[in-house]
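In what follows, a single structure is set out as structure tokens and then discussed.
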Amino acid sequence: MYRTHTCGEIRASHAGQTVTLAGWVNRRRDHGGVAFFDLRDRSGVVQITINPDLPKEILDAVANVRFEWVLQIEGFVQKRPAGNENPNMATGEIEIIAKHITILNPAKTLPFMVSSDADLPDENMRLKYRYLDLRRERLTNNMVLRHKVVKFMRDYLDKQGFIEIETPIMFKATPEGARDYLVPSRLFPGQFYALPQSPQQLKQLLMVSGMDKYFQIARCFRDEDLRGDRQPEFTQLDLEMSFVHRDDVLDLVEGLFTEMIPAVAPHKKLYSSPWPKFSYKEVLERFGSDKPDLRFGMELVDVTDILAKSEFKVFQSALEAGGAIKCIVAPKSAEMSRKELDALTEVAKSFGAKGMPYLAVTAEGAKGSAAKFFKEEELTALKEKSGAGVGDLIVFASDARAIVNKTLGGLRLWFRDKLDLADKTMMAFAWVVDFPFFAFNEETQAWESEHHPFTMPKMADLPKFDSNPAEVYSEAYDMVCNGYETASGSIRIHRRDIQMKMFQMLGLSEEDIQAKFGHMLEAFEYGAPPHGGMAPGIDRLVMLLADEPNIREVIAFPKNQNGRDVMADAPSGVEPKQLKELKIKFE
RNA sequence: GGUCCCGUGGUGUAGCGGCCUAACAUGCGGCCCUGUCAAGGCCGAGAUCGCGGGUUCGAAUCCCGUCGGGACCGCCA
């Protein structure tokens, strides 16, 4: 071994011991006589003191040492002289008096500093040198936190009687859902494996196998456009249980996270325990989102009735078209500048609104783009119902109800960020249940499954399958936290007849059903147990626990927004020989 | 597919028609310095301002295009 201890573990209790450490030079402070190095490894940083009484050859070698050189240092641990302790360092009570220094490897000047997060380089630069960026304390801590999260999950589920089973990465393309990543088959030219969007089918088949209480830290792949909270490959805690109802699954997952948060992120508070449970309809109406951020108020207020006879044409035409009028109240925002309001209007438009009427409530009365159209009694009722007071800004949306909710939901989050309304130490977990079973796709003019095609409908709604699909609800559920969807799951279909009906509703032909899902349908004929499960997204949860603004910061080697690996430069071309073996030609 | 924002020494920023022969910080090189911890002091090197075209007497600065990056909408069962 190159070392007897790690840098970050040395404490006052080690004083008097001789230790050997190895690590990187995080900082150096050379006073001409005495010099200090901060030596860093994954565990942390410790101060090495180099006294001028060391042999000349050591002092000469040390004089050349620069940032990020790799050193091995033998020395003894000493309490720092009184007054020289550094309370900002975990190891700040002590220092290592160097006796021997070995240069294990010098380093070129790095493209950027890793010992400070001030002036963070451009993200492309960070990704290109990801192996250096990961040396930052911040990213190192994120990796450690992620490990703790996954370790906690494994331990907790093991105690609950779950077993971890791996499922294939090379599997089968599915017509529903996200775009698949395809893997060409050499032995069957023209045929493809697909990387799993999730182990959905496989975990259900494991239930048919009797592998009750399965879980897996599962990599999932979806070939869709990226976002700050979406990578083309991501990791889920995939779990599935047999002989359970919805609340059995929710209780298990709620228990897992309720115990995990204090264990891995003690600085985080839970918003409430037990977690609130909302219907899909309720969160859309109150928060304008199916993944509400509960850390602050500003709920949507329905003012359709108050403004039913409004003289404002914008409101009139929305109501005539069968729409709704709702508003949100932004605290202390009456003084927002014209420029900011214009910018905000653009935000509203990006969610589908045609404009963004607003009222600034001032001591002199209501002001704003639509103020003159409001009658006195309307204003009074409006303030009464919305709770708006002097100094507040009331922002309206009037359109089809879905657009109104979406717009105000989006503006609500805009104000959250602008006014810093959300408590950063809060983890506001909640359940969203009672999702509609089908969603009508305007583009294809066809019904699609809102969750996925293996989700069980509410049994009571089965008769409405053909007559009124919009009124069928499902046994699906989402776990949300701080405005993110952090898990989703459902009770699954375990009966062949219902599954068949589902595929038919989705417009799949008999041939397609057999070719794509024949194995599932057949499996359900051999005694499939009732089952259900869920899949919390590990990247997003770690992102929230680490207070990171995007999931790239909690993934060791993430891809950029275009799905490229900037470090290795992937995707990239391949040798003609490889294509020939696969019998692939390009146009 | 769409909207918006950003590309200036190694890195991060400033400059936004002439004062730019491009500024500041940090890093880099040299010298000084025995208790610092973002050590300090002095000196020095380092940029055809992403790329191409245009407007102008004059472009880092304005316009068009293009490439790269980020945020968002669509998309993400």
Side-chain angles (χ1 to χ4, degrees), chain A residues 26-38 45-53 63-64 66-68 80-89 91-92 95 97 108-129 132-133 174-180 196-198 200-201 220-232 234 343 346-353 406-407 410 413-414 417 435 437-439 441-443 447-455 474 476 485 488-490 502 506 535 537 549-550 552 560-562 564 566:
Chain A
N26 198 52
R27 293 275 184 187
R28 56 188 298 261
R29 294 176 292 280
D30 188 343
H31 289 241
V34 70
F36 304 99
F37 288 175
D38 290 339
V45 172
V46 68
Q47 173 163 289
I48 313 294
T49 303
I50 295 135
N51 283 315
D53 56 2
N64 293 321
R66 293 294 179 268
F67 289 139
E68 300 302 314
R80 294 194 187 185
N84 283 334
E85 302 86 357
N86 184 346
N88 300 319
M89 285 174 85
T91 59
E95 59 191 345
I97 307 299
K108 289 207 300 184
T109 302
L110 266 57
F112 49 75
M113 293 286 285
V114 299
S115 61
S116 160
D117 289 340
D119 297 332
L120 215 56
D122 168 85
E123 189 162 2
N124 228 27
M125 183 64 59
R126 295 178 58 203
L127 289 176
K128 181 174 177 186
Y129 296 99
L132 299 180
D133 206 42
T174 49
E176 275 274 314
R179 202 173 287 114
D180 286 311
Q197 297 175 27
S198 81
Q200 184 58 38
Q201 295 185 39
C220 306
F221 306 86
R222 295 177 191 175
D223 188 4
E224 296 292 345
D225 287 356
L226 280 58
R227 286 284 192 286
D229 64 345
R230 279 175 8 205
Q231 282 272 304
F234 59 97
E346 289 310 308
V347 176
K349 283 180 179 170
S350 78
F351 292 105
K406 188 176 169 56
T407 301
L413 295 184
W414 188 91
D417 298 335
F435 282 82
F437 192 66
F438 294 106
N441 186 325
E442 297 289 344
E443 207 172 304
W447 290 98
E448 295 178 347
S449 47
E450 171 75 29
H451 187 58
H452 59 58
F454 307 105
T455 300
S474 79
E485 179 193 312
S488 103
S490 61
M502 181 69 201
L506 298 176
N550 67 66
R552 295 185 296 275
N560 74 6
Q561 197 171 59
N562 289 322
R564 291 202 71 84
V566 183

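The structure presented is a predicted model; accordingly, all values stated were derived computationally and were not measured. Chain naming here is simple, since letters A, B, ... match the order of the sequence lines and numbering starts at 1 in each.
Within the 4.5 Å cutoff, the side chain of A:Asp133 has heavy atoms near those of the A:Phe112 side chain. The shortest distance between side-chain heavy atoms of A:Thr109 and A:Arg66 does not fall below 4.5 Å. Considering only heavy atoms from C-beta on, A:Glu95 comes within 4.5 Å of A:Pro81 through its side chain.
If you check B:G68 for Watson-Crick or wobble pairing at under 3.5 angstrom, you find it paired to B:C6. The partner of B:C28, taking Watson-Crick or G-U wobble pairs whose two distances both stay under 3.5 Å, is B:G44. Of all nucleotides present, only B:U13 satisfies the Watson-Crick or G-U wobble test against B:A23, with each distance under 3.5 Å. Pair check for B:G18 finds B:C57; Watson-Crick or G-U wobble, both atom distances under 3.5 Å.
Taking atom C1' on both nucleotides, B:G69 is separated from B:G50 by 11 Å, rounded to a whole Å. Nucleotides B:C67 and B:G52 have their C1' atoms positioned 10 Å apart, rounded to a whole Å. B:A14 and B:A23 have their C1' atoms separated by 7 Å, given to the nearest Å. A gap of 24 Å separates the P atoms of B:C33 and B:A38, to the nearest Å. The same atom, C1', is picked in B:G9 and in B:C5; the two are 24 Å apart, to the nearest Å. Atom P of B:C43 sits at a distance of 43 Å from the matching atom of B:A71, rounded to the whole Å. Nucleotides B:A47 and B:G10 are separated by 7 Å at their P atoms, to the nearest Å. Atom C1' of B:A45 sits at a distance of 24 Å from the matching atom of B:A39, rounded to the whole Å.
Rounding to whole angstrom units, CZ of residue A:Phe36 and C1' of B:G40 are separated by 13 Å. Residue A:Trp414 contributes atom CH2, which lies 15 Å from atom P of B:C5 at whole-angstrom precision. In this structure, A:Arg28 atom CZ and B:G35 atom C1' are separated by 16 Å, rounded to whole Å. A straight line from CE of A:Met125 to P of B:G10 spans 10 Å, rounded to a whole angstrom. When the P atom of B:C76 is taken as reference, atom CZ of A:Arg222 falls 10 Å away, rounded to whole Å. Rounded to an integer number of Å, the gap from NZ of A:Lys108 to C1' of B:G10 is 11 Å. If you measure from atom CD of A:Glu485 to atom P of B:C76, you get 13 Å, rounded to the nearest angstrom. Note: CG (A:Asp225) to P (B:G1) measures 9 Å, nearest angstrom.
Closest of all the heavy-atom pairs between A:Asn86 and A:Asn88 is OD1-N, 2.9 Å. Of all non-hydrogen atoms in A:Ser449 and A:Met502, the two that sit nearest each other are CB-CE, 3.4 Å. Minimum interatomic distance between A:Phe454 and A:Gln200 (heavy atoms only, all atoms of both residues): CD1-CG, 3.8 Å. In this structure, A:Trp447 and A:Leu506 approach most closely via the heavy-atom pair O-CD2, 3.6 Å. Of all heavy-atom pairs spanning A:Gly92 and A:Arg80, the tightest one is O-NE, 3.3 Å. Closest heavy-atom contact between A:Gln197 and A:Thr174: NE2-OG1, 3.5 Å.
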Reading nucleotides 46-52 of chain B from 5' to 3' and marking B where a protein heavy atom lies under 4.0 Å of the base, S where only the sugar-phosphate is that close, and - otherwise, the string is -------
5' to 3', nucleotides 23-32 of chain B under a 4.0 Å protein heavy-atom cut-off (B base, S sugar-phosphate only, - none) gives ----SSSS--
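As judged by a 4.0 angstrom heavy-atom cut-off over every strand, A:Glu68 is placed among residues making no nucleic acid contact. Residue contacts shown for A:Pro453 include a base, since a base heavy atom lies under 4.0 Å away. No engagement by A:Ser116 is indicated, since no non-hydrogen atom pair under 4.0 Å with the nucleic acid exists. Among the heavy atoms of the strands, none lies under 4.0 Å from A:Thr455. Residue A:Lys128 is classed as having no contact, given no heavy-atom separation below 4.0 Å to the nucleic acid.
The aromatic ring of A:His31 does not sit over the base of B:G40, since the test of centres under 5.5 Å and planes under 30° is not met.
Distances from the side chain of A:Thr49 to the nucleotides B:C73, B:U11, B:G35 place B:G35 closest. Comparing B:C73, B:C76, B:U34 by their closest approach to the side chain of A:Val34 singles out B:U34. Residue A:Asp38 has its side chain nearest to B:C37 when only B:G35, B:C37, B:C76 are considered.
The phosphate of B:A39 has OP1 or OP2 within less than 4.0 Å of a side-chain N or O from A:Arg29.
The main-chain N or O of A:Arg552 is found under 3.5 Å from a side-chain atom of A:Asn550 such that the two form a donor-acceptor pair. Checking side-chain atoms of A:Asp122 against main-chain N and O of A:Asn124 turns up a donor-acceptor pair under 3.5 Å.
Between the side chain of A:Gln47 and the base of B:U36, at least one donor-acceptor pair of N or O atoms lies under 3.5 Å.
Mapping A:Pro52 and A:Glu448 onto RNA chain B via the closest heavy atom, the residue that lands nearer the 5' end is A:Pro52. Toward the 5' end of RNA chain B, the nearer of the two residues A:Pro111 and A:Asn51, judged by each one's closest nucleotide, is A:Pro111.
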So which protein nitrogen or oxygen atoms get under 3.5 Å of nucleotides 68-72 of chain B's nitrogens or oxygens?
residue: B:G69; atom: OP1; partner: A:Asn560; partner atom: ND2; Å: 2.9
residue: B:G69; atom: OP2; partner: A:Asn562; partner atom: ND2; Å: 2.6
residue: B:G70; atom: OP1; partner: A:Gln561; partner atom: N; Å: 3.0
residue: B:G70; atom: OP2; partner: A:Gln561; partner atom: N; Å: 3.3
residue: B:G70; atom: O3'; partner: A:Arg552; partner atom: NH2; Å: 3.4
residue: B:A71; atom: OP1; partner: A:Arg552; partner atom: NH1; Å: 3.4
residue: B:A71; atom: OP1; partner: A:Arg552; partner atom: NH2; Å: 2.9
residue: B:A71; atom: OP2; partner: A:Gln561; partner atom: NE2; Å: 2.5

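How far CD of A:Glu224 is from CD of A:Gln231: 14.0 Å, rounded to the nearest 0.5 Å. The CD1 atom of A:Ile48 lies 11.5 Å from the CG atom of A:Asn26; values are rounded to the nearest 0.5 Å. Atom CG of residue A:Asp30 and atom CD1 of residue A:Ile50 lie 8.0 Å apart, to the nearest 0.5 angstrom.
Each of A:Arg29, A:Arg28, A:Arg27 was checked for a salt bridge (charged side-chain N to carboxylate O under 4.0 Å, His left out) with A:Asp38, and the lone residue meeting it is A:Arg29.
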